[in-house]
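Order of the sequence lines sets the chain letters (A, B, ...), proteins ahead of strands, with each chain counted from 1. What you see below is based on every heavy atom in this structure, not just the backbone, and it leaves out hydrogens, waters and symmetry mates.
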Amino acid sequence: MSSAKRSNEPIVWFLFGVGGFFAAYFLPIHIMLYGLAFPLGLAPDPGYDKTYALLQNPLTRLYLFVLIMFCFFHAAHRMRLTLSDILNMRHLNTILAFVCYGGAIVGTVAAIWMLAVVH
Amino acid sequence: MPQYTTFQPKPYRPRMSAYWYLDQWHYLRYALRESSSFFVAYFCVITLIQIATLKAGPTHYAHFQALMRCPVIIILNALALAFILLHAVTWFLLVPRVALRQVLNRPTPDLIASTPNFMVWFGATLIVALFILGVF
């Protein structure tokens with residue numbers, strides 16, 4: 001009797017789901033402050049020293065790593081499905097999966113590399 | 001012996017317009033919500049750039065701050081915020097609506113079902129903002 005092929009879908013849906021919560025809870029305030037309020041002068045920019053001191057805290061780095069990793073995988077899964085369904089690229093499913101999840105893995109490795117050691 | 005016919009009907013494949021998401025507001029809203037993923041990835045890359053420049057030193061971080069002041073980037077960031085807020089609100093409204101059914105004898109209204117999510121969102125936003133602004 002041949003064993004049924006196991007699907008990878010539960011793993012990517014799990015990463016998508018957790019990333020969805022992280023993106024919803026935490027990304028808006030990052031964009032509001034670093035992307036809009038500080039550049040437009042709507043809020044006082046804490047500057048290099050305070051921001052770097054914040055990055056030196058291991059808990060900040062753990063938070064940033066979890067945020068970036070889950071958000072990348074959330075985005076990768078949704079981008080794959082968006083390109084496949086909305087832009088009708090279903091025939092390129094394998095390539096899309098490779099590019100999207102591959103991109104998320106590269107982003108996660110980059111995050112580990114940058115956040116592992118901060119002097 | 002059963003009689004089999006050699007006739008093989010073709011599977012029915014309805015033709016779909018390449019712009020099907022423009023047919024109804026619900027479809028367009030779905031397409032816009034799903035497109036938020038591109039902006040999530042975009043801001044993760046921006047955050048990685050920010051971390052890299054922070055580690056590289058004050059001069060590099062000043063370049064990052066100058067990049068953030070560029071009008072094109074500000075427009076992109078405003079778009080990203082709009083799309084991610086759409087993602088957040090639609091995500092919070094997805095919570096199961098059965099929790100209070102036993103008490104209310106009807107499906108839980110959207111607002112009550114999603115209120116805990118919005119409260120956690122507010123709390124998380126406040127805590128992260130206070131850390132970023134250097135209050136803690």
Side-chain angles (χ1 to χ4, degrees), chain A residues 16 19-36 38-41 43-55 57 60-61 63-64 67-69 71-72 74-82 85-88 100 103-104 107 110-111 114-115 117-119, chain B residues 16 18 20-21 27 30-31 33-48 50-52 54-55 57-58 61-62 64-70 73-74 76-78 80-81 84-85 87-92 94 117 120-121 123-129 131-134 136:
Chain A
F16 167 77
F21 272 106
F22 273 96
Y25 283 141
F26 299 107
L27 268 195
I29 187 63
H30 280 258
I31 304 175
M32 264 187 240
L33 291 178
Y34 290 118
L36 294 168
F38 296 155
L40 292 171
D45 192 328
Y48 177 81
D49 292 335
K50 277 189 177 174
T51 313
Y52 189 71
L54 199 58
L55 189 68
N57 187 329
T60 307
R61 301 210 300 276
Y63 158 75
L64 284 173
L67 177 72
I68 290 169
M69 179 192 72
C71 284
F72 263 135
H74 165 83
H77 190 54
R78 216 172 206 179
M79 279 158 74
R80 187 193 121 208
L81 296 180
T82 304
D85 293 342
I86 297 175
L87 298 184
N88 229 346
C100 293
M114 286 181 205
L115 293 166
V117 182
V118 174
H119 297 293
Chain B
M16 225 164 76
W20 60 270
Y21 46 86
Y27 298 164
Y30 161 77
R33 189 193 71 198
E34 298 299 296
S35 306
S36 67
S37 53
F38 293 92
F39 291 100
V40 170
Y42 157 75
F43 209 78
C44 283
V45 172
I46 292 283
T47 307
L48 282 179
Q50 184 186 14
I51 296 166
L54 261 175
K55 286 184 74 178
Y61 192 64
F64 168 78
Q65 288 171 311
L67 176 75
M68 287 291 104
R69 283 193 292 271
C70 173
I73 297 291
I74 286 180
L76 265 176
N77 289 342
L81 180 63
I84 293 171
L85 286 178
H87 156 72
V89 172
T90 51
W91 193 267
F92 295 150
L94 273 176
N117 266 331
V120 173
W121 185 21
T125 300
L126 191 66
I127 291 168
V128 173
F131 269 104
I132 291 175
L133 291 166
F136 286 151

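For A/P39, the parts lying under 4.5 angstrom from a heavy atom of chain B are both the backbone and the side chain. For B/A18, the part sitting under 4.5 Å from any heavy atom of chain A is the backbone (N, CA, C, O) and nothing else. Heavy atoms of A/L54 lying under 4.5 Å from chain B belong exclusively to its side chain. For chain B, no part of A/F22 is nearby; none of its heavy atoms comes within less than 4.5 Å. With a 4.5 Å cut-off on non-hydrogen atoms, B/Y27 does not touch chain A at all. Contact annotation for A/I86: both backbone and side-chain heavy atoms come within less than 4.5 Å of a heavy atom of chain B. Contact annotation for B/F38: both backbone and side-chain heavy atoms come within less than 4.5 Å of a heavy atom of chain A. Residue contact with chain B, scored on non-hydrogen atoms closer than 4.5 Å, is absent for A/N57. Heavy-atom distances place no part of A/L81 under 4.5 Å from chain B, backbone and side chain included.
A distance of 4.5 Å separates CD1 in A/I68 from CG in B/L48, rounded to the nearest 0.5 Å. One distance of note links CZ of B/R33 with OG1 of A/T82; it measures 9.0 Å at 0.5 Å rounding. Distance check, rounded to the nearest 0.5 Å: CD1 of B/I51 to CG of A/L64 gives 5.0 Å. Between atom OG1 of residue A/T51 and atom CD of residue B/Q50 there is a gap of 7.0 Å, rounded to the nearest 0.5 Å. Separation of atoms CG (A/L27) and CD1 (B/I84) is listed at 5.0 Å; rounding is to 0.5 Å.
Put simply, of B/L126, B/V120, B/I127, B/I73, the one with the most heavy-atom pairs under 4.5 Å next to chain A is B/V120. Of the residues considered (B/L133, B/L54, B/V89, B/V40), B/L54 shows the highest number of contacts with chain A, using heavy-atom pairs under 4.5 Å. For the options A/M32, A/K50, A/H30, heavy-atom pairs under 4.5 Å to chain B are most numerous at A/H30. Looking only at heavy-atom pairs under 4.5 Å with chain B, the residue among A/G47, A/A75, A/A23 that has the most is A/A75. Between chain A and the residues B/C70, B/A62, B/G57, the most heavy-atom pairs under 4.5 angstrom are made by B/G57. Between chain A and the residues B/S36, B/G134, B/A31, the most heavy-atom pairs under 4.5 angstrom are made by B/A31. Most heavy-atom pairs under 4.5 Å with chain B: of the set A/M79, A/R61, A/H77, this distinction falls to A/M79.
Inter-residue side-chain proximity for B/I46 and A/Y34 is flagged as unmet; no heavy-atom pair is nearer than 4.5 Å. The closest side-chain heavy-atom distance from A/F38 to B/I132 is below 4.5 Å. For the pair A/C71 and B/F43, the minimum side-chain heavy-atom distance is 4.5 Å or more. Looking at A/H74 and B/H87, their side chains come closer than 4.5 Å, going by heavy atoms from C-beta outward. Looking at B/V128 and A/Y63, their side chains come closer than 4.5 Å, going by heavy atoms from C-beta outward.
Nearest heavy-atom pair across A/F26 and B/A124 is CE2-CB, 3.5 Å. When all heavy atoms are compared, the tightest approach of A/G35 to B/I74 is O-CG1, 4.4 Å. In plain terms, the two heavy atoms of A/A24 and B/W121 that are nearest each other are O-NE1, 3.1 Å. The nearest pair of heavy atoms linking B/L85 to A/P28 is CD2-CB, 4.1 Å. What you find for B/N77 and A/I31 is that their closest heavy atoms are O-CG2, 3.5 Å. Nearest approach of B/S37 to A/R78, heavy atoms of both residues: CB-CB, 3.5 Å.
Applying the ring-ring contact (aromatic ring centres under 6.0 Å, His included) criterion to A/F21, with sequence neighbours excluded, gives A/Y25, B/W91. Residues satisfying the side-chain hydrogen bond (donor to acceptor under 3.5 Å, both in side chains) test with A/Y52, not counting sequence neighbours, are none.
In this structure, the side chain of B/K55 does not engage the main chain of A/L115 through any donor-acceptor pair within 3.5 Å.
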